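Remarks on the structure that follows.
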Amino acid sequence: MLSKWFKFSPPQVLVLGFALIILAGALLLMLPISSATGESLPFVDAFFTATSATCVTGLVVVDTGTYFSTFGQVVIMLLIQIGGLGFMTMATLFALVFKRRISLKERLLLQEAMNQNTMEGIVRLIKKVLMYSLVIESCAALLFAIRWSFDMPFGRALYFGVFHSVSMFNNAGFDLFGEYRSLTQYVSDPLVNFVAIFLIVSGGLGFIVLSDLIEFRKRRKLSLHSKVVLSMTAALIVIGALVIFVFEFTNPKSLGSLGWSGKFWGSLFQSVTPRTAGANTLDIGGLRQATQFFIIILMFIGASPSSTGGGIKTTTFTILVGAVISMIRGRTDLVLFRYRFAQERIFKAVTITMLALFLVVAVAMVLSTTEDASFLSILFETTSAFGTVGLSMGLTGKLTVLGKIIISFTMFAGRLGPLTLAYALGPKKGKELYRHPEGKMIIG
């Protein structure tokens, strides 16, 4: 396994592992066999596509459904699966199949990859991740296939079902319908919407929460982490759907031309998909600016820890909101569900948010000088790349070579997480040998 090949820290191994997978994927997508016409895809476009797939984003510079051959599409699907579950998870799968022992170094890597606080039960968690993913994706693929068999031959419908099930569960946003349409033709279809939303939410909740929910009947309780994730996820989905419904109700380019069923499913789906999914049933470029900016906020928050999604994560956002409320109420402790959070957690949440904000602002400023587009579309594209979402207002296909490279790096940083990337690239952490005297400063 990779841990025996490299003598680096866990964050550095994760960075190198993802980089190698992206490079291998780019080389495969450059092969003539990967394109429907037999032409070789330029390296920059192949690298961008491989990065988008491995980082489960969904931003595309060429149309996945028409440009790539079946071989190329399967390569993209495998990159999505590896990137969504994590290459260490897939490496562990092979180790378990061949009955190899998982070493301490490899357990540390898994702990870092799954964003866990302890190594205890990490291999058991990986087994659950693999089992849950297989069951959920298989059931969803079958449901998709049954629905789409009414629109196409069953063999093609089954292939579409498998591809879109993997794409949706891993919050990737790639689709095969061509012409960059995503799921817009199914905006009012209850089955397609329900299955897609279930996949997106399941992949975005995180495997710890899925495990808690599945074992709830036996244990009769949820962990604090699961309570926070579920409550914030539900709040964001409901609030998001209401905001989009109100803002777009009379917009003829989105909900205005739809019946009540279309308005309901359109609002709900567009509220769920910014949680790093990338698929869409409404034309994102046709939404009102207020809605587009609101979606930027949802994309920045993203999914939950130990999931297939990106963003600063729902738990980070919850701690920030809770800290603000506690400060307004004059309390020194942050308490959620009768549990007090350590100051270290608040500092980590602030650090992650500030690093993410700095990255998004810096990239948006640079792209404003390299790309010929409105600032809102640039900010939207940047946040979508950082949150590994995949939604776009139409800028992706118009990016310059430098713009593609910058967005590729942003997707890479968003998938790994700004803090993991900082740990990997920064100096090694050392112990504090002393503490400075406390200082006082006026704030606010």
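Numbering of residues begins at 1 and proceeds along the displayed sequence. Nothing here was measured: the structure is a model prediction, and the numbers come from that model.
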Checking the side chain of T315 only, and the main-chain atoms of K313 only, is there a donor and an acceptor separated by less than 3.5 Å?
no
If every non-hydrogen atom of Q343 is compared with every non-hydrogen atom of T332, which pair is closest and at what distance?
NE2-O, 3.7 Å
Side-chain (N193) to main-chain (Y186) donor-acceptor, under 3.5 angstrom
yes
Can you tell if the side chain of I76 reaches within under 4.5 Å of the side chain of L29, non-hydrogen atoms only?
yes
Minimum heavy-atom distance G240-F294, with the two atoms named
CA-CE2, 3.5 Å
According to the interplanar angle, ranging from 0 to 90°, do the rings of F144 and W148 count as parallel (below 30°), tilted (30 to 60°) or perpendicular (above 60°)?
parallel
For the OH atom on Y132, are there more than 12 heavy atoms of other groups (residues, nucleotides or ligands in this structure) within a distance under 6.0 Å?
yes
Run the side chain to side chain contact (heavy atoms under 4.5 Å, CB included) test on L143 and F194 for me, step by step, so that the C-alpha distance in whole Å, both residues' side-chain angles and the decisive distance to 0.1 Å come before the verdict.
CA-CA 10 Å; L143 290 174; F194 177 79; over 6 Å; no
By salt bridge (Lys or Arg N to Asp or Glu O under 4.0 Å), D63 pairs with (sequence neighbours left out) none
Rounded at 0.5 Å granularity, tell me how far CG in L213 sits from CD1 in I208.
12.0 Å
Full working for side chain to side chain contact (heavy atoms under 4.5 Å, CB included) between L224 and F341
CA-CA 11 Å; L224 173 62; F341 284 78; 3.9 Å; yes
Could you check whether the rings of F177 and H164 sit parallel, tilted or perpendicular, using 30° and 60° as the cut-offs?
tilted
Donor-acceptor pair, S52 side chain versus L59 backbone, under 3.5 Å?
yes
For L399 versus K404, what's the shortest heavy-atom pair and its separation?
O-CE, 3.5 Å
Any idea which heavy atoms bring T383 and L379 closest together, and the distance?
OG1-O, 2.8 Å
Here the pair of heavy atoms bringing A279 nearest to M168 is CB-CE, 3.5 Å
Counting only heavy atoms not in M131, do more than 12 fall under 6.0 Å of its CE?
yes
Would you check if the side chain of R275 reaches a backbone N or O of I200 as a donor-acceptor pair within less than 3.5 Å?
no
Which residue pairs pass the salt bridge (charged side-chain N to carboxylate O under 4.0 Å, His left out) test with at least one member in residues 188-204, sequence neighbours excluded?
R147-D189
For S261 and S188, test the side chains for any donor-to-acceptor distance below 3.5 angstrom and give the result as yes or no.
no
Could you check if a side-chain atom of L258 sits within less than 4.5 angstrom of a side-chain atom of L282, using non-hydrogen atoms only?
yes
Do T353 and F317 have side-chain heavy atoms sitting under 4.5 Å apart?
no
Quick check: do N280 and L391 have side-chain heavy atoms less than 4.5 Å from each other?
yes
Checking T291 side chain against I244 main chain: does a donor-acceptor pair fall under 3.5 Å?
no
How long is the gap from CZ on F169 to CG on L199, to the nearest 0.5 Å?
7.5 Å
More than 12 heavy atoms of other groups within 6.0 Å of F337 CZ
yes
Residue of the set V75, L23, V74 for which side-chain contact (heavy atoms from CB on, under 4.5 Å) holds with L28:
V75
Is the side chain of S384 donor-acceptor paired with the backbone N or O of F380 at a distance under 3.5 Å, no angle test?
no
Can you list the steps and then say if R288 with E248 is a side chain to side chain contact (heavy atoms under 4.5 Å, CB included)?
CA-CA 7 Å; R288 292 192 168 111; E248 298 297 320; 3.4 Å; yes
Separation between CG (N170) and OG (S133), nearest 0.5 Å, reads 7.0 Å
What's the verdict on side chain to side chain contact (heavy atoms under 4.5 Å, CB included) for I146 and L191, showing C-alpha distance, side-chain angles and the deciding distance?
CA-CA 10 Å; I146 293 172; L191 180 60; 5.8 Å; no
Donor-acceptor check, side chain of S202 to backbone of F198, threshold 3.5 angstrom: yes or no?
yes
Check: T64 side chain, F174 main-chain N or O, donor-acceptor pair, under 3.5 Å:
no
Spacing of CG belonging to L230 relative to OG1 belonging to T233, to within rounding of 0.5 Å:
6.5 Å
Considering only heavy atoms from C-beta outward, does the side chain of E381 approach that of L367 to under 4.5 Å?
no
Please tell me if the side chains of V389 and L298 come closer than 4.5 Å, counting only heavy atoms from C-beta onward.
no
Over all atoms of both residues, closest heavy-atom pair of T318 and L336:
CG2-CD1, 3.7 Å
Which pairs, with at least one residue in residues 262-273 and sequence neighbours excluded, count as a side chain to side chain donor-acceptor pair (under 3.5 Å)?
Q270-T281
pair T276-V56: side-chain heavy atoms closer than 4.5 Å
no
Hey, is the main chain of I319 close enough, under 3.5 Å, to the side chain of R345 for a donor-acceptor pair?
no
Taken to the nearest 0.5 Å, the spacing of S377 OG from Q292 CD works out to 9.0 Å
Between the main-chain N or O of L287 and the side-chain N or O of S254, is there a donor-acceptor pair closer than 3.5 Å?
no
Once rounded to the nearest 0.5 Å, what's the spacing between atom NZ of K221 and atom OG of S226?
11.5 Å
So F48 and T396, do their side chains get closer than 4.5 Å, heavy atoms only?
yes
